[in-house]
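Reckoned from all heavy atoms, side chains included, excluding hydrogens, waters and symmetry mates. Every value quoted in this text rests on a predicted model; they were computed, and no experiment measured them. For reference, positions follow the sequence shown, starting with 1.
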Amino acid sequence: MELPNAALVLILAAAATLSVAVAYDPLDPNGNITIKWDVLSWTPDGYVATVTINNFQTYRQIMAPGWTVGWTWAKREVIWSMVGAQATEQGDCSKFKANLPHSCKRTPAVVDLLPGVPYNQQIANCCRGGVVSAYGQDPSGAVSSFQVSVGQAGTTNRTVKVPKNFTLLGPGPGYTCGPAKVVPSTVFLTADHRRKTQALMTWNVTCTYSQHLASKYPTCCVSFSSFYNDTIVPCAKCTCGCEHKTCARSERDSKRLMSASGKSAVTARGHVNRQSAAPLLQCTTHMCPVRVHWHVKLNYHDYWRAKVTVTNFNYRMNYTGWTLVAQHPNLDNITEVFSFDYKPVVSYGSINDTALFYGMKFFNDQLMEAGPYGNVQSEVLMRKDASTFTFRQGWAFPRKIYFNGDECRMPPPDSYPYLPNSAPASLLSSASAVIVAFLVLLMA
C-alpha cells in the first residue's frame, strides 16, 4: 500500500527529529558520563565518600564554567564538609546549635573549585573549575573528583539510602541522568601496588547527552568551497536562529554591548561567569557561534588535500580544548594532518571513516573569541583510493561535522560545488586553487 505524500513527509520529518532528540550518538555509541560514589569510611552519623565524575565521551568535553552536579537526598541528610568542591547554597541550618554543616539543602547543587585553592581543600583530579576533557582527546583530564562528608545518614550498607533525582549541567542543559545503582564495591591499589583496599559501598549514576535537549537550534554550521568551482556554499540564513538575538557588527560594538550589560564573560583565570554565559554573536546571516569551512584545496596524482577552518563568532567565549569530528569515507587514508592533532574514531568494527581533530597543546588548543584571532585552521592530506575516489557529486565533502560534540548543520546536498563537465576529476589542475583559496581567505 502506498502512503500519501503528506504521511510520507510526516514520517521523514519525525525520523529527522528523532536523530537528534535521542541521547544515542551513532559515532560514539558508548559515550556517557558516569558519576561514581565510593563510601570510604563510616562516621558517628553518616559516612565519607569520594565522588568521581568520569567522562567516557570520545569527543564531547565539559567546558568552562564547568559541571554542576545535583541530587535529592533520600532522607534528611546534610553535608558536613567537602574537599575539592562546594555546594552553591548552604540552605536552612537553623536547627544546628554548634557546628554548622556545609549545606543543609535537601537538593544540593555542587560545583568544582577553581585552580589555586589551598592544598588542604584539594584532592586528586579536583579544582579545575569544572572543566573535563573529552576521553578521546585527553583520558587523564577526563575525570573530576571531590570528597563529601554526609551526616544524618545511615552508618551501614543496609541503612544508607542512595540519593535520588541526579542532575548534571555540563555546563548547560542536555544531560539526562538515570537512577543511582548499587554496584560491586570499587577496589583500590595502594601506591606501591602491593595491597588492595575496597570501598565500603559503591553506587553509579549514568548520564547521557541529547543535543535536542541542550539547544533548540544547532550551535554550529558548515560551509563549502573547492578549487574546481568558484562557488562558495555558505551556511544557510538563520541556521542557528535569528529571533531575539542581539549581535555586534564590530569589535568596538561588542565592547559597548558588554559594557552596557555590566558583565564580563571571561574572568582573569580564563573561566566564564555563569551569569553572562549567553553568547554575544558577531552579526552574520547564519547567526551561529561557530562555523566550520571545508575547502577542497589541491589534487595530486595519488593524494588530495582539504583545508579546514573553524571560526568563532562569539565575543563572550574562548573554546579551550575544542574538538572537531569529521565523517568522510577517505578519512581512513589520512597521510598527514598539519597544525592539528588527530585520532581515528572507530565506532563499529573496522569502519574507519571518522576523525577526531583537536588543537596542539599551547599552540592552537584555544579557539579565541570573535575577532581577528578567532579562528584555527589546518590542512589534511589523504591518499586516494582508486576504487572509490572521485570529485563528482559532492564526494569530496564530509558527511557530518561535529564541533565540541554538537552536530553542525550541513548545507543541502544539491548546493555542493559541482565538478565542471569539461574537466574530468583525473585531469583536474591545481592552477585554479590559488584563486579560490584567496576568495576563501577573504570570506573567513
Side-chain angles (χ1 to χ4, degrees), residues 10 12-35 53-72 88 107-112 130-136 142 144 163-181 204-222 238-245 272 274-279 281 286-290 314 316-317 319 322-325 347 400-410:
L10 286 174
L12 291 175
T17 303
L18 286 172
S19 66
V20 295
V22 297
Y24 177 76
D25 184 348
L27 297 185
D28 191 16
N30 299 314
N32 66 67
I33 289 181
T34 299
I35 305 171
I53 301 170
N54 287 290
N55 184 10
F56 294 116
Q57 299 174 112
T58 302
Y59 47 78
R60 182 176 293 108
Q61 58 162 303
I62 297 179
M63 300 185 301
W67 53 260
T68 302
V69 174
W71 60 84
T72 301
T88 58
T107 56
V110 173
V111 296
D112 194 13
V131 174
V132 182
S133 301
Y135 188 80
S144 185
K164 302 179 292 185
N165 303 326
F166 277 86
T167 59
L168 172 65
L169 298 178
Y175 286 96
T176 301
C177 299
K181 295 182 179 179
N204 282 350
V205 179
T206 301
C207 304
T208 54
Y209 180 83
S210 167
Q211 186 174 342
H212 180 72
L213 294 176
S215 176
K216 179 181 178 181
Y217 296 103
T219 57
C220 53
C221 64
V222 181
C238 295
T239 297
C240 298
C242 289
E243 63 268 22
H244 309 299
K245 280 189 177 180
V272 180
R274 292 175 187 272
Q275 295 84 354
S276 58
L281 301 181
H286 52 77
M287 290 300 288
C288 290
V290 171
N314 187 353
R316 279 190 171 138
M317 178 64 73
Y319 293 95
W322 57 268
T323 61
L324 178 73
V325 171
S347 304
K400 287 184 179 181
I401 291 282
Y402 289 72
F403 179 78
N404 272 6
D406 282 345
E407 186 173 350
C408 303
R409 179 67 59 83
M410 305 288 287

Discussion item. For I401 and L324: C-alpha separation, side-chain torsions, deciding distance, then whether side chain to side chain contact (heavy atoms under 4.5 Å, CB included) applies.
Written reply: CA-CA 7 Å; I401 291 282; L324 178 73; 3.8 Å; yes
Practice prompt. Run the numbers on C177 and C207 for disulfide bond (SG atoms under 2.5 Å apart), then give the verdict.
Written response: CA-CA 4 Å; C177 299; C207 304; 2.1 Å; yes
Fill in: Test item: N55 side-chain N/O and S133 main-chain N/O as donor-acceptor pair under 3.5 Å
yes
Worksheet item: Can you check whether Y59's main-chain N or O pairs, donor with acceptor, with T323's side chain at less than 3.5 Å?
Response: yes
Fill in: Atom pair CG (N165) and CH2 (W71), whose distance is rounded to the nearest 0.5 Å
12.5 Å
Worksheet entry | Atom of V222, atom of C408 and distance for their closest heavy-atom approach | CG2-CB, 3.7 Å
Practice prompt. State, to 0.1 Å, how close T219 and P289 come at their nearest heavy-atom pair, and which atoms those are.
Written response: O-CD, 3.3 Å
Item to complete: Write down the atom of N314, the atom of P279, and the distance for their closest heavy-atom approach.
Response: ND2-CB, 3.4 Å
Practice prompt. Would you mind reporting whether I33 and I53 have side-chain heavy atoms less than 4.5 Å apart?
Written response: yes
Worksheet item: What are the two closest non-hydrogen atoms of P163 and A180, and how far apart are they?
Response: O-CB, 3.9 Å
Discussion item. Within this structure, what is the CD-OH distance for the pair E243 and Y217, rounded to the nearest 0.5 Å?
Written reply: 3.0 Å
Discussion item. Using modelled atom types and a 3.5 Å cut-off, is there a donor and acceptor pairing between side-chain atoms of D112 and backbone atoms of W67?
Written reply: no
Fill in: Verdict with supporting geometry, T34 and F56, side chain to side chain contact (heavy atoms under 4.5 Å, CB included)
CA-CA 8 Å; T34 299; F56 294 116; 3.7 Å; yes
Worksheet, complete the sentence: Between A109 and T68, the two heavy atoms sitting closest are CB-CG2, 4.0 Å
Worksheet item: Is the SG-SG separation for the cysteine pair C220 and C240 below 2.5 Å?
Response: no
Worksheet item: Of all residues at least two apart in sequence or in a different chain, which pass the side-chain contact (heavy atoms from CB on, under 4.5 Å) check with C242?
Response: C238, M287
Item to complete: Nearest 0.5 Å please: distance from the OH atom of Y175 over to the CZ atom of R60.
Response: 5.5 Å
Discussion item. Is it the case that the side chains of Y135 and D28 hold a donor-acceptor pair, with the cut-off being a distance below 3.5 Å and no angle test?
Written reply: no
Practice prompt. Search all heavy atoms of C221 against all heavy atoms of T239 and return the closest pair with its distance.
Written response: CB-CG2, 3.9 Å
Worksheet entry | Within-4.5 Å side-chain heavy-atom neighbours: S210 and T176 | no
Fill in: Partners meeting side-chain contact (heavy atoms from CB on, under 4.5 Å) with K400 (sequence neighbours left out)
P26, Q327, Y402, E407
Worksheet, complete the sentence: Interatomic distance, NE2@H286 vs CZ@R409, rounded to 0.5 Å, equals 13.5 Å
Discussion item. Under the criterion side chain to side chain contact (heavy atoms under 4.5 Å, CB included), I'd like the reasoning laid out for Y209 against D25: C-alpha separation, chi angles, the key distance, then a yes or no.
Written reply: CA-CA 9 Å; Y209 180 83; D25 184 348; over 6 Å; no
Discussion item. Check the orientation of W322 and F403. Use parallel for under 30°, tilted for 30 to 60°, and perpendicular for over 60°.
Written reply: parallel
Discussion item. Ignoring hydrogens and geometry beyond distance, is a side-chain donor-acceptor pair present between N32 and T206 at under 3.5 Å?
Written reply: no
